[in-house]
Amino acid sequence: DLKCWGHGNLGQLGGGSNTDTNAPSSTAIDLGTGRTAVAVSAGTFHTCAILDNGDLKCWGYDYYGQLGDGGSTPGTNLNAPSFTAINLGTGRTAVAVSTSDSHTCAILDNGDLKCWGRDYYGQLGDGSPATDTNAPSSTAIDLGTGRTAVAVVGLSTMVTCAILDNGDL
């Protein structure tokens with residue numbers, strides 16, 4: 001089960017409302033029938049959880065597309081997880097997730113790293129000019145020949161860092 005509490009004005013607590021709470025709810029967040037959480041990352045304005053089947057779901061503030069659901073209307077917030085998981089690519093699942101206030105990054109089961117949301121300073125790592133994206137790219141971030149991500153760290157509003165399989169940062 002997953003429960004969140006604190007500042008919830010944008011739905012980031014996932015309980016279906018936009019209110020602050022000072023203690024966990026008596027009911028868990030609805031992640032889907034039979035689904036449980038294995039990892040969670042709570043950013044300033046949104047939250048994401050990896051489920052027991054490797055699916056990734058996010059909820060809360062979506063002005064920059066940081067929920068990754070492909071929504072086309074900026075500012076369409078979700079106060080509970082979507083019924084469908086984020087499309088990480090055919091057959092791909094998430095093994096790690098990290099959120100900031102305006103973007104999200106996930107490490108996939110094959111070591112690829114994908115980010116989405118606000119890209120004002122290039123924090124999505126895709127090499128494109130500052131263009132916000134509302135879903136993971138079909139291609140992973142280029143971490144170098146043969147390199148994969150083992151951890152995504154240091155997510156701030158404007159910076160993303162990853163630890164690679166060879167220990168480089």
Side-chain angles (χ1 to χ4, degrees), residues 1-119 123-124 132-138 140 149-157 160 162:
D1 284 355
L2 177 61
K3 296 182 179 188
C4 299
W5 56 95
H7 190 49
N9 67 318
L10 298 168
Q12 62 267 49
L13 300 182
S17 71
N18 294 336
T19 58
D20 299 345
T21 61
N22 59 9
S25 170
S26 60
T27 57
I29 295 171
D30 183 2
L31 299 171
T33 304
R35 297 277 62 102
T36 59
V38 297
V40 64
S41 180
T44 307
F45 305 117
H46 73 293
T47 304
C48 297
I50 299 174
L51 309 186
D52 58 316
N53 63 354
D55 281 352
L56 179 62
K57 293 186 176 186
C58 299
W59 56 92
Y61 186 59
D62 196 32
Y63 189 79
Y64 301 105
Q66 61 265 48
L67 298 186
D69 59 6
S72 59
T73 307
T76 304
N77 306 332
L78 295 177
N79 59 17
S82 172
F83 291 112
T84 57
I86 295 170
N87 181 0
L88 299 170
T90 304
R92 297 278 62 101
T93 59
V95 297
V97 62
S98 189
T99 56
S100 76
D101 63 349
S102 60
H103 71 290
T104 304
C105 295
I107 298 175
L108 309 186
D109 58 313
N110 62 355
D112 283 352
L113 178 62
K114 293 186 177 185
C115 299
W116 55 93
R118 188 163 196 202
D119 196 28
Q123 59 267 47
L124 299 186
D132 300 345
T133 61
N134 60 12
S137 171
S138 59
V150 296
V152 59
V153 296
L155 242 59
S156 74
T157 301
T160 303

Look at the rings of Tyr61 and Tyr63 and say which category their plane angle falls in: under 30° parallel, 30 to 60° tilted, over 60° perpendicular. parallel

Does any pair with a residue in residues 8-20 pass salt bridge (Lys or Arg N to Asp or Glu O under 4.0 Å), and if so which ones, sequence neighbours excluded? none

Minimum heavy-atom distance between Leu2 and Ala49, given as atom pair plus value: CD2-CB, 3.9 Å

When rounded to the nearest 0.5 angstrom, what is the spacing between CH2 in Trp5 and CG in Asn22? 11.0 Å

From His7 atom NE2 to Thr19 atom OG1, the distance as rounded to the nearest 0.5 Å: 11.0 Å

So which heavy atom on Ile107 is nearest to which on Val152, and how close? CD1-N, 3.6 Å

Residues that Asp55 engages under side-chain hydrogen bond (donor to acceptor under 3.5 Å, both in side chains), provided they are two or more places apart: Asn53

Shortest non-hydrogen contact from Ser17 toward Asn79: O-CB, 3.5 Å

Closer than 3.5 angstrom, by distance alone: can the side chain of Gln66 be matched with the main-chain N or O of Asp101 as a donor-acceptor pair? yes

Taking disulfide bond (SG atoms under 2.5 Å apart) as the cut-off, I'd like each qualifying pair that reaches into residues 87-117, sequence neighbours left out, listed once. Cys105-Cys115

If you round to the nearest 0.5 Å, how far is CD of Gln12 from CH2 of Trp59? 11.0 Å

Is the backbone N or O of Asp132 less than 3.5 Å from a side-chain atom of Asp119, with the two atoms forming a donor-acceptor pair by type? no

With side chain to side chain contact (heavy atoms under 4.5 Å, CB included) as the criterion, how do Leu124 and Thr160 come out once you've worked through the C-alpha distance, each side chain's angles and the decisive distance to 0.1 Å? CA-CA 7 Å; Leu124 299 186; Thr160 303; over 6 Å; no

Identify, with sequence neighbours excluded, every residue that meets side-chain hydrogen bond (donor to acceptor under 3.5 Å, both in side chains) alongside Thr47. none

Ala162 to Leu113 - nearest heavy-atom pair and separation: CB-CD2, 3.9 Å

Return a table of donor-acceptor pairs under 3.5 angstrom between the side chains of residues 30-39 and protein atoms on other chains or two or more places apart.
{"residue": "Asp30", "atom": "OD1", "partner": "Gly32", "partner atom": "N", "Å": "3.0"}
{"residue": "Arg35", "atom": "NE", "partner": "Asp52", "partner atom": "OD1", "Å": "2.9"}
{"residue": "Arg35", "atom": "NH2", "partner": "Asp52", "partner atom": "OD2", "Å": "3.0"}

Just by modelled atom types, is the Asp62 backbone N or O under 3.5 Å from a matching donor or acceptor in the Asn77 side chain? yes

Heavy-atom closest contact (Thr99 atom, Gly43 atom, distance): OG1-N, 2.8 Å

Looking only at heavy atoms, the pair that brings Pro136 and Leu88 closest together is CG-CD2, 4.0 Å

Side-chain donor or acceptor of Asn9 paired with backbone N/O of Asn18 under 3.5 Å: no

With sequence neighbours excluded, what pairs up with Ser138 under the side-chain hydrogen bond (donor to acceptor under 3.5 Å, both in side chains) test? none

